[in-house]
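The structure appears below as structure tokens.
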Amino acid sequence: MAKFAANLSVMFNDVPFIERFARAANAGFKGVECLFPYEESVEILAELLQEYQLIQVLFNMPAGNWDEGDRGIACLPGREKAFAAGVHKALEYALALNCKQVHAMAGKLDRQFTQEQQYECYITNIQYAADVMAAYGINILIEPINIRDMPDYFLTTQHQAEKLLQLIDRQNVFIQLDLYHCQIMEGDLLKTIERLWEKFSHIQIASVPERHEPDSGEINYFWLFRKLDEMGYKGWFGCEYYPSGYTEEGLGWLVKAQS
């Protein structure tokens with residue numbers, strides 16, 4: 001049966017972040033994910049996970065200065081020390097929260113560097129992160145993001161991610177397969193899933209084009225859930241969507257998916 005993790009950065013967003021754990025558990029979720037947990041004490045987060053019997057499935061490494069436009073720094077030459085510091089900050093949280101997957105955002109293209117320079121920087125940084133995390137059984141995830149939502153992002157397609165996996169050449173680096181981004185950039189989701197089998201370790205879902213609940217829009221998620229179950233997918237589905245209203249009122253899809 002499919003396992004669903006509530007993304008607490010976008011769901012239950014009518015209350016402060018630390019109050020969303022209880023809401024997620026009460027709504028029937030067994031796992032949670034988020035973008036950046038670092039504004040909260042890791043001790044408090046660990047207590048919340050234990051209190052509500054939730055699994056921390058995923059979070060992002062520090063991504064630079066978000067308010068100034070950073071969307072990760074892995075591909076940016078000259079910021080390697082900041083990236084390395086973020087690796088160790090993420091490791092601190094991953095160990096305390098018993099989280100086995102960390103997403104490293106790539107960052108935006110910077111025209112002062114050549115494509116070759118940014119590829120080399122990205123590969124070296126992800127290799128470093130993977131080597132640090134490997135000692136603790138933690139995976140590093142890389143995620144293509146669509147150019148409509150995040151113009152100039154470095155990593156945009158699954159084909160690009162496949163090429164990078166080969167160049168990075170680390171056993172604990174996988175694709176974070178966000179089907180919302182994939183549908184916008186490439187489509188042909190089932191064939192893409194089949195092609196990428198064993199190259200991804202986490203799937204995220206949202207409707208297309210509005211990025212709301214997965215029972216609306218142009219993707220038949222219930223059909224894909226059945227197909228993935230038949231194929232033997234054992235990972236989580238991260239619910240990284242923006243609720244169209246009060247989060248709990250839109251969770252009829254969860255009941256249907258788990259029935």
**OP:** Not counting sequence neighbours, which residues clear side chain to side chain donor-acceptor pair (under 3.5 Å) with Glu43? List them please.
**Re:**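 Per chain and number, Glu43 pairs via side chain to side chain donor-acceptor pair (under 3.5 Å) with Ser41.
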Subject >> Modelled atom types, side-chain donor and acceptor of Tyr180 and Asp149, under 3.5 Å >> reply: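 Result is yes, a qualifying pair exists.
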Side chain to side chain, [X] and [Y], heavy atoms closer than 4.5 Å:
X      : Y      : value
Leu165 : Val173 : yes
Tyr246 : Phe12  : no
Gln160 : Pro144 : no
Ile193 : Leu224 : yes
Met11  : Phe29  : yes
Tyr221 : Leu179 : yes
Met105 : Met150 : yes
Cys75  : Tyr119 : no

Any chain of hydrophobic side-chain contacts (each under 4.5 Å) joining [X] to [Y]?
X      : Y      : result
Val132 : Ile126 : yes
Leu196 : Leu164 : yes
Phe21  : Leu58  : no
Leu141 : Ile175 : no
Phe36  : Val57  : no

For the side chain of [X] and the backbone of [Y], is there at least one donor-acceptor N/O pair under 3.5 Å apart?
X      : Y      : answer
Arg71  : Gly107 : no
Asn172 : Ile138 : yes
Tyr153 : Ala106 : yes
Ser207 : Gly217 : no
Glu120 : Gln117 : no
His202 : Gln176 : no
Ser259 : Lys256 : yes
Thr247 : Pro243 : no

Please determine whether the number of non-hydrogen atoms from other residues, nucleotides or ligands lying under 6.0 Å from atom [atom1] of [X] exceeds 12.
X      : atom1 : answer
Tyr242 : OH    : no
Glu39  : CD    : no
Ile147 : CD1   : no

Can you see which heavy atom on [X] is nearest to which on [Y], and at what distance?
X      : Y      : value
His212 : Tyr241 : O-CB, 3.2 Å
Val32  : Ala5   : N-CB, 3.9 Å
Gln127 : Ile168 : NE2-O, 3.0 Å
Ile205 : Pro214 : CD1-CG, 4.0 Å
Tyr38  : Pro62  : OH-CD, 3.2 Å
Leu8   : Arg20  : O-NH1, 2.6 Å

Distance check, rounded to the nearest 0.5 Å: [X] atom [atom1] versus [Y] atom [atom2]?
X      : Y      : atom1 : atom2 : answer
Cys182 : Gln204 : SG    : CD    : 12.5 Å
Gln166 : Asp169 : CD    : CG    : 9.0 Å
Glu162 : Gln158 : CD    : CD    : 7.5 Å
Met185 : Thr157 : CE    : OG1   : 6.5 Å
Phe200 : Leu177 : CZ    : CG    : 5.5 Å
Trp223 : Leu189 : CH2   : CG    : 9.0 Å

Original post:
Which side-chain hydrogen bond (donor to acceptor under 3.5 Å, both in side chains) pairs, counting each pair once, include a residue from residues 3-12, with sequence neighbours left out?
Top reply: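 Every pair satisfying side-chain hydrogen bond (donor to acceptor under 3.5 Å, both in side chains) with a residue in residues 3-12: Asn7-Glu33.
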Subject >> All pairs passing side-chain hydrogen bond (donor to acceptor under 3.5 Å, both in side chains) where residues 55-66 contributes a residue, at least two apart >> reply: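 Only Asn60-His103, Asn65-Glu68 qualify under side-chain hydrogen bond (donor to acceptor under 3.5 Å, both in side chains).
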**OP:** Salt-bridge test for Arg170 and Asp131: reply yes if a basic N is under 4.0 Å from a carboxylate O, no otherwise.
**Re:**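 Salt bridge present between Arg170 and Asp131.
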**OP:** State plainly whether the residues Arg79 and Asp70 are in salt-bridge range, i.e. N to O under 4.0 Å.
**Re:**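 Salt bridge between Arg79 and Asp70, a charged N being under 4.0 Å from a carboxylate O: yes.
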Please set out all donor-acceptor pairs under 3.5 angstrom arising from side-chain atoms of residues 44-51, sequence neighbours excluded.
none

Please output the side-chain donor-acceptor pairs of residues 82-102 that fall under 3.5 Å, not counting sequence neighbours, one pair per line with the distance.
| from | atom 1 | to | atom 2 | distance (Å) |
| --- | --- | --- | --- | --- |
| His88 | NE2 | Tyr128 | OH | 2.8 |
| Tyr93 | OH | Glu40 | O | 2.8 |
| Gln101 | OE1 | Ser201 | OG | 2.7 |

**OP:** Let me see the working for Glu210 and Ser216 under side chain to side chain donor-acceptor pair (under 3.5 Å), right down to the final yes or no.
**Re:** CA-CA 9 Å; Glu210 295 91 358; Ser216 63; 5.0 Å; no
**OP:** Kindly assign one of parallel, tilted or perpendicular to the pair Phe222 and Phe225, based on the angle between their ring planes and the thresholds 30° and 60°.
**Re:**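 The arrangement is perpendicular - the two ring planes meet at more than 60°.
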Subject >> Ring geometry between Phe154 and Tyr122 (parallel below 30°, tilted from 30 to 60°, perpendicular above 60°) >> reply: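 Because their plane-to-plane angle lies in the 30° to 60° range, the rings of Tyr122 and Phe154 count as tilted.
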Subject >> Chi angles and distances behind the side chain to side chain contact (heavy atoms under 4.5 Å, CB included) call for Asp229, Lys227 >> reply: CA-CA 5 Å; Asp229 187 56; Lys227 286 293 183 181; over 6 Å; no
Subject >> side chain to side chain contact (heavy atoms under 4.5 Å, CB included) evaluation trace for Phe174 with Glu198 >> reply: CA-CA 8 Å; Phe174 294 90; Glu198 296 186 344; over 6 Å; no
Subject >> Evaluation steps, side chain to side chain contact (heavy atoms under 4.5 Å, CB included), between Asp188 and Lys191 >> reply: CA-CA 6 Å; Asp188 203 15; Lys191 293 301 180 183; 3.5 Å; yes
**OP:** Just do the side chain to side chain contact (heavy atoms under 4.5 Å, CB included) check on Asn139 and Met133 with the steps written out, would you?
**Re:** CA-CA 7 Å; Asn139 293 334; Met133 296 292 183; over 6 Å; no
Sequence neighbours excluded and cut-off under 3.5 Å, please list the side-chain donor-acceptor pairs for residues 232-240, or say none.
| from | atom 1 | to | atom 2 | distance (Å) |
| --- | --- | --- | --- | --- |
| Tyr233 | OH | Ile203 | N | 3.3 |
| Tyr233 | OH | Trp236 | N | 3.3 |
| Tyr233 | OH | Trp236 | O | 2.6 |
| Glu240 | OE1 | Arg211 | NH2 | 3.1 |

